[in-house]
Amino acid sequence: MSEEARTIKRKAAYIDKVRGLHRKERNAGFVACLAGVLMLVWARFGAGAPPAILGAGLVVIAAGWALFAYSILKRLAWVRAHPFPAAE
């Protein structure tokens, strides 16, 4: 196997590792945003929905975005602490 092929393989493994970091938080953020949107739709179009659901839906969406931002910042911190070695 050539040196270039080994480097490509190592880089692919590094990228897979970075993509896998904080996956649970990212997925929880996605689910929270989805649940918040469903709450907004229910508050707007549902008959007999309590008025507080609208505010709660907005809070849940904000919490979902906060989880997204947290996972992005934690991944960025990990990448800065563990950069891919350019050459050996």
Side-chain angles (χ1 to χ4, degrees):
M1 184 182 291
S2 71
E3 184 63 33
E4 185 179 355
R6 279 191 286 265
T7 302
I8 290 171
K9 194 176 241 187
R10 283 183 30 246
K11 191 166 191 164
Y14 178 80
I15 290 171
D16 286 343
K17 169 77 174 171
V18 171
R19 285 181 181 163
L21 293 173
H22 302 286
R23 181 170 285 163
K24 290 178 189 174
E25 290 86 352
R26 219 172 42 244
N27 287 341
F30 176 72
V31 169
C33 286
L34 181 62
V37 168
L38 291 175
M39 290 169 72
L40 290 179
V41 169
W42 179 41
R44 175 67 177 96
F45 299 111
I53 293 296
L54 185 66
L58 292 173
V59 169
V60 170
I61 291 172
W65 276 103
L67 283 170
F68 281 143
Y70 171 78
S71 70
I72 290 170
L73 293 175
K74 293 302 281 186
R75 283 171 56 175
L76 178 64
W78 188 90
V79 168
R80 287 185 176 169
H82 304 91
F84 184 75
E88 290 184 4

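Here, residue 1 is the first one in the sequence, and each next residue gets the next number.
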All ring pair (Phe, Tyr, Trp, His ring centres under 6.0 Å) counterparts of Phe84, not counting sequence neighbours: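 By the ring pair (Phe, Tyr, Trp, His ring centres under 6.0 Å) rule, Phe84 matches Tyr14.
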Show me the side-chain donor-acceptor pairs of residues 52-74 shorter than 3.5 Å, one per line, residues at least two apart or across chains.
residue : atom : partner : partner atom : Å
Ser71   : OG   : Phe68   : O            : 2.8

Residues which pass side chain to side chain donor-acceptor pair (under 3.5 Å) with Trp78, listed by chain and number, not counting sequence neighbours: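 So Trp78 forms a side chain to side chain donor-acceptor pair (under 3.5 Å) with His82.
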Any residue meeting side chain to side chain donor-acceptor pair (under 3.5 Å) with Arg19, in chain and number order, not counting sequence neighbours: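 None.
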Set of residues satisfying side-chain contact (heavy atoms from CB on, under 4.5 Å) with respect to Ala5, sequence neighbours excluded: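 Counting only residues at least two positions away or on another chain, Ala5 forms a side-chain contact (heavy atoms from CB on, under 4.5 Å) with Met1, Ser2.
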Where His22 and Glu25 come nearest, the two heavy atoms and their spacing: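 The answer is CA-OE1, 3.1 Å.
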Closest approach of Ala49 to Ala43 (non-hydrogen atoms, all atoms of both residues):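 Reported closest heavy-atom pair: CB-CA, 4.0 Å.
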Asn27 CG to Lys24 NZ distance, which is reported to the nearest 0.5 Å: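 Separation between the atoms: 10.5 Å.
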Straight-line distance of Lys17 NZ to Leu21 CG, nearest 0.5 Å: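 Those atoms lie 5.5 Å apart.
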Residues in salt bridge (charged side-chain N to carboxylate O under 4.0 Å, His left out) contact with Arg6, at least two apart in sequence or another chain: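 Arg6 satisfies salt bridge (charged side-chain N to carboxylate O under 4.0 Å, His left out) with Glu3 only.
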